Participant: 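Here you go, one structure.
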Amino acid sequence: MEKWNIIAVVVTYNRLPLLKRNIACLRANRPLSHILVVNNGSTDGTAEWLAAEASDTLTVITQDNVGGSGGFWRGIQEACLRGADWIWCMDDDVFPRPDCLERLLPHAALPDVGMLAPRRLMDGAVYTNDFLDYDFRHPFASLYKGKLKKQTVTAPTEIAGTAFEGPFIRRSVVEAIGLPNKELFIFCDDTDYCIRTRRAGFRILYIPDALMDKEKFFSADTWAERNRKKKWKRFYQVRNSTYLNHHYGENWGVRYLRGFIGVAGYLLTAAFTAPFSSAYRLSDLPKLWNAYRDGLRERLGKM
């Protein structure tokens, strides 16, 4: 098998226990050449722990909190400067099994393959956001067609998109399409990158026997608690999904109406639950609407 320079890029923010587990899992994978940790301004002791862990095989990049997209933008850039042939990207809440990389590598030499996606497990069950195609034409349908979570997949399968939770990216992809869009901050940066990857002529393969475990969050929370904690992300989700549909949509309906349908669901939920629940407040309504308008205007960046 060809010898490649393989660099893992891990983006972290204030989740030190998860980061420790992630790094331990990465160190068990062979033949990983180097680990780059992008610390987005953590304040929970992460910087101090990473300073003690830094070595010839682990490099730390510390920057302000510019979100997951800004973290991957910086990490992938640095990996390429270090001569990476393949870049293994992930957040700190996924944990590759010891043979995960080993099971990805046999597929790395296949023609036109630009990205490999491992299978994620949550509490032992398959967890996936991966999908087979996009729909840029029908405003009342989802952008994501053929979601793998609704299918049984037992063999390597060509897909259209995956999450930044373990994608194994060929350097030539970065050379062809550039870095992730750091202005998205969080949400949809991975979808955008997969769209660009495929449009550049590269294939993306889902490898079901390359396993990673994913942390489960909010399992003990009530509906109100869970939504209150995740609410700040909803604004980015509305804006960025609206941006994707507007930017790539092939007709007026997708460019304008699909995003409106998406934000309308959140607006109705917030309006009806605000008087009775702590999940949303009435003051969230204009914030959601402004997020939709920013997406239409393709005005991105940190909110």
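All values derive from a computational prediction rather than experimental measurement.
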Participant: Within the structure provided, determine whether L300 and N240 are in side-chain contact (heavy-atom separation under 4.5 Å).
Facilitator: yes
Participant: Between the main-chain N or O of G75 and the side-chain N or O of E78, is there a donor-acceptor pair closer than 3.5 Å?
Facilitator: no
Participant: Kindly state each residue pair satisfying side chain to side chain donor-acceptor pair (under 3.5 Å) with at least one member in residues 267-279, sequence neighbours excluded.
Facilitator: R228-S278
Participant: Is D209 salt-bridged to R103, cutoff N-O under 4.0 Å?
Facilitator: yes
Participant: Given side chain to side chain contact (heavy atoms under 4.5 Å, CB included), test N129 with K149 step by step and report yes or no.
Facilitator: CA-CA 7 Å; N129 297 317; K149 66 181 179 181; 5.8 Å; no
Participant: Any donor and acceptor pair, going by atom type alone, linking the side chain of Y236 with main-chain N or O of M303 inside 3.5 Å?
Facilitator: yes
Participant: Looking at R170 and D85, would you say the former's side chain and the latter's main chain have a donor-acceptor pair under 3.5 Å?
Facilitator: no
Participant: May I ask you to check whether over 12 heavy atoms, not counting those of R281, lie within 6.0 Å of atom CZ?
Facilitator: no
Participant: Backbone N or O of R82 within a donor-acceptor pair of the N5 side chain at under 3.5 Å?
Facilitator: yes
Participant: Is any NZ, NE, NH1 or NH2 atom of the basic residue among K229 and E225 found under 4.0 Å from an Asp or Glu carboxylate oxygen of the other?
Facilitator: no
Participant: Any cation-pi pair here, R120 with Y127, using under 6.0 Å and within 45°?
Facilitator: no
Participant: Quick one: does T242's side chain get under 4.5 Å of F260's, heavy atoms only?
Facilitator: no
